[in-house]
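Here the structure comes first, spelled out in structure tokens, and everything after it is commentary.
Residue numbers start from 1 in every chain, and the chains themselves are labelled A, B, ... in the order their sequence lines are given, proteins ahead of strands. Since we're looking at a predicted model, the values are computed, not measured.
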Protein chains: 2
Amino acid sequence: MATIYEVSKLAGVSLATVSRVMNNNANVSDATRKKVTAAMDELGYRPNSIAQSLASNCSNSVGLLVSELHGPFYGPMMSGIENTFRNQKKHLIIAAGHSNEEREKQGIEFLISRNCDGLILHVEAVSDDYLIKLSKSQVPFVLINRFISELSDRCIILNNIKGGYLATKHVLEQGHKQIAYISGPLWKKDAQDRLEGHKKALAEYGLPFDEQLLYQGDFMEASGFTGLKTLYQHAKPFSAVICANDEMATGAMASARELGLTLPDQLSIMGYDNVFFTRHVYPPLSTINYPINEMGKMAADWVLSHVYQKQTAPLQTVFEPELVVRQSITTNPQ
Amino acid sequence: MATIYEVSKLAGVSLATVSRVMNNNANVSDATRKKVTAAMDELGYRPNSIAQSLASNCSNSVGLLVSELHGPFYGPMMSGIENTFRNQKKHLIIAAGHSNEEREKQGIEFLISRNCDGLILHVEAVSDDYLIKLSKSQVPFVLINRFISELSDRCIILNNIKGGYLATKHVLEQGHKQIAYISGPLWKKDAQDRLEGHKKALAEYGLPFDEQLLYQGDFMEASGFTGLKTLYQHAKPFSAVICANDEMATGAMASARELGLTLPDQLSIMGYDNVFFTRHVYPPLSTINYPINEMGKMAADWVLSHVYQKQTAPLQTVFEPELVVRQSITTNPQ
DNA sequence: ACATAAAATGTAAGCGCTTACATTTATAAC
DNA sequence: GTTATAAATGTAAGCGCTTACATTTTATGT
């Protein structure tokens, strides 16, 4: 592989000049610029990005930590991020944290040790304090789907209270009066917020919130399954169940069928996230849209702006959810 | 950030010695090793991986090109790969090719320019010739889900003929006699192979293959939708349709319902890939398992072995599909 | 105690770039 | 034609490591 040295020799200029044309430095005459690019072409020269990084103290790489590389939620997020960065010649180093404190910390360590210029973090298990401490170290980072008030300017989040509110309001509007709720783990802020929105809608319709109709799940499919079963067997009757995410809604669907209920006639189910497979389940699931792809892009823009001083579209930290009506909610239940 | 120089000064040894303890070189006495690690701890030293890469001519990064970062197929593949590499302190740089020739080439260029030591490629649009030429350049790569005979030792593939065979055989065993087929784009080898397996099973049961019952799709959901509609309106009657992947099967399901058919009673549907949401559709889709996660791991092992000379489990290039029976196929259709 | 080999450590060059600073060349003003 | 100023180019010192080779220390055999 040709080096800058060989290019400079062929072009008959100094190393510095070659470097200047590479970096589009203004102070190069057209004539020499042409000589240099010609020499580059002739040699098939490609700059060594490692050497560039070492000399410029900028690796042009940004680290991304997500809980899982698979699963319906992270894919669209990564897509949005990758796209933005590739256009800017930055590259993405990806690691998985598996929603586990130790592994999330390891992942962050790993990315830092890889000289990332900035980090995009979707972490769940690591503590607020850890992140606040981290924010005082060298490497800048932005948080997706997590709010820490001390770090509020770098938290890209969804308005989950509103989302929870919209979901329940829709179900209420269809005439349901007995509504069960399967929440996420309530130590998580987003699970809390969604539930809070639910309560708010209930209150608005003059309905009391009933603890008996609440089941605390963990955002995973299985907990939707057992959640519905538990509610069905122990709680008072209900005509609709609202799930704090689509995975649990899916579990609840399976559970409902196992209980012999026909959907949606005998039970309406509402999801949250608008993960792509919600269109494909049967009946197609009504849910709340989580614009995760856009939020990924915004996180990338944040990095572009704060780390690389690039001009970007105005940064937005809180996104708004939207109701997506499909066919899992009946009107006027008996 | 402390450098190796400061560590060496604190420990009272030379740079080389510090480097040796970092790299676990055997020729370091226990006493000095201790001194050095103590100094490292005291300074909170972290080696600069960029400098290491430049000096050692090894970036410890491997590039991964997939068609999309989202979608049900690539997630599990990336997961398998990331996991293997992180344990080995290698890192993954990810780019998307979008099944488009230009973008795939760009992606490969991008990864190479990022000094990847090796590449894992899931490419669809780029030509065999291009890849053969690429194989003669510096950077080693392995191919997932693509077979090129000149490069056969670095192609990690599924036995798609067998998969196609298993799918059709299962449907035949349930008593179906009129079977439609929605294929992938037939310029793709995997689409061809799956269809070939289908024909083989038909032949084994003494049934002729009927061109009229074939629709050529493009592996995307929409083509499953229009495919079924087209077949239904123009072809002779059939009691089952086999789709060359799950996405198209999903489209076919939606289409069937729109045609007023109840599933699976009036139409059996078979998928391929065993993408995770196939459990969630209704009726749960019978399909062929594609062990993409394992294949991803194998690709990572290939790189570990060929690029980094690591000892790995024996390499396997062709994987076997398996039938997954769920509830989308009826028995003894009328 | 000595010679000899093996183990431990040090020296210094170099990986391929960037960039501050110095120098040369072109341009403008008089 | 000078001189002042700006533009273009060159020089050389790093960036933080690895590693071939040289040197010193330690262990081994007699």
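- The separation between B:Ile4 atom CD1 and D:dC15 atom P is 14 Å, rounded to whole Å.
- Two rings, from A:Tyr290 and A:Phe73, have their centers less than 6.0 Å apart.
- For A:Ile50 and C:dT18, the CD1 to C1' distance is 15 Å, given to the nearest whole Å.
- Of the candidate nucleotides C:dT9, C:dT18, D:dT18, D:dT18 has the atom nearest to the side chain of B:Met22.
- Candidate nucleotides D:dG16, D:dT19, C:dA8 were compared by shortest atom distance to the side chain of B:Ala16, and D:dT19 ranks first.
- Between C:dC17, D:dC17, C:dT9, one nucleotide has an atom nearer to the side chain of A:Thr3 than all others, and that is C:dC17.
- Across all strands shown, A:Thr32 has heavy atoms under 4.0 Å from sugar-phosphate atoms exclusively, and none from any base.
- Atoms CG (A:Leu43) and P (C:dG16) sit 14 Å apart, rounded to a whole Å.
- Here the P atom of nucleotide D:dA22 and the CG atom of B:Leu15 are 19 Å apart, to the nearest Å.
- Rounding to whole angstrom units, NZ of residue B:Lys9 and P of C:dT11 are separated by 15 Å.
- OP1 or OP2 of D:dT18 has at least one side-chain nitrogen or oxygen of B:Asn23 nearer than 4.0 Å.
- Rounded to a whole Å, the CG atom of B:Asn27 is 7 Å from the P atom of C:dA7.
- A donor-acceptor pair is defined here as one N or O able to donate and one able to accept, closer than 3.5 Å; no such pair exists between the side chain of B:Ser53 and the backbone of A:Ile50.
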In a table with atom names and distances, give each donor-acceptor pair under 3.5 Å that connects a side chain of residues 295-304 of chain B to protein atoms at least two apart or in another chain.
unit_1, atom_1, unit_2, atom_2, d
B:Trp302, NE1, B:Asp153, O, 3.4

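- The environment of CG in A:Asp128 is crowded: more than 12 heavy-atom neighbours from other residues, nucleotides or ligands sit within 6.0 Å.
- Residue-level contact check: B:Val13 touches the backbone only, with heavy atoms under 4.0 Å from sugar-phosphate atoms and none from bases.
- A sub-4.0 Å separation between OP1 or OP2 of D:dT18 and a side-chain N or O of B:Gln52 is present.
- Between A:Tyr74 and A:His122, the ring center distance clears the sub-6.0 Å criterion.
- C:dG14 atom P lies 12 Å from atom OH of A:Tyr5, rounded to whole Å.
- Residue B:Ser29 has its side chain nearest to C:dT9 when only D:dT18, C:dT9, D:dT9 are considered.
- Listed nucleotides D:dG16, D:dG10, C:dT18 differ in distance to A:Ser14; the shortest reach to its side chain belongs to D:dG10.
- Note on A:Thr17: only backbone sugar-phosphate atoms sit closer than 4.0 angstrom, heavy atoms only; bases stay farther off.
- A:Gln138 CD to A:Asn115 CG: the interatomic distance, rounded to the nearest 0.5 Å, is 11.5 Å.
- Note: OH (A:Tyr45) to P (C:dG16) measures 10 Å, nearest angstrom.
- Near DNA chain D, meaning a heavy atom under 4.0 Å from it, residues 107-114 of chain B has no residue at all.
- The side chain of B:Arg20 approaches C:dG10 more closely than any other nucleotide in the set C:dG10, D:dG14, D:dT9.
- With hydrogens and angles ignored, no donor-acceptor pair under 3.5 angstrom links the side chain of A:Arg46 to the base of C:dG16.
- Within the 4.0 angstrom heavy-atom criterion, no nucleotide atom of any strand lies near A:Asn57.
- Under 3.5 Å, the side chains of B:Ser152 and B:Ser149 contain no donor-acceptor pair of N or O atoms.
- There is no side-chain donor-acceptor pair under 3.5 Å between A:Ser79 and B:Glu68.
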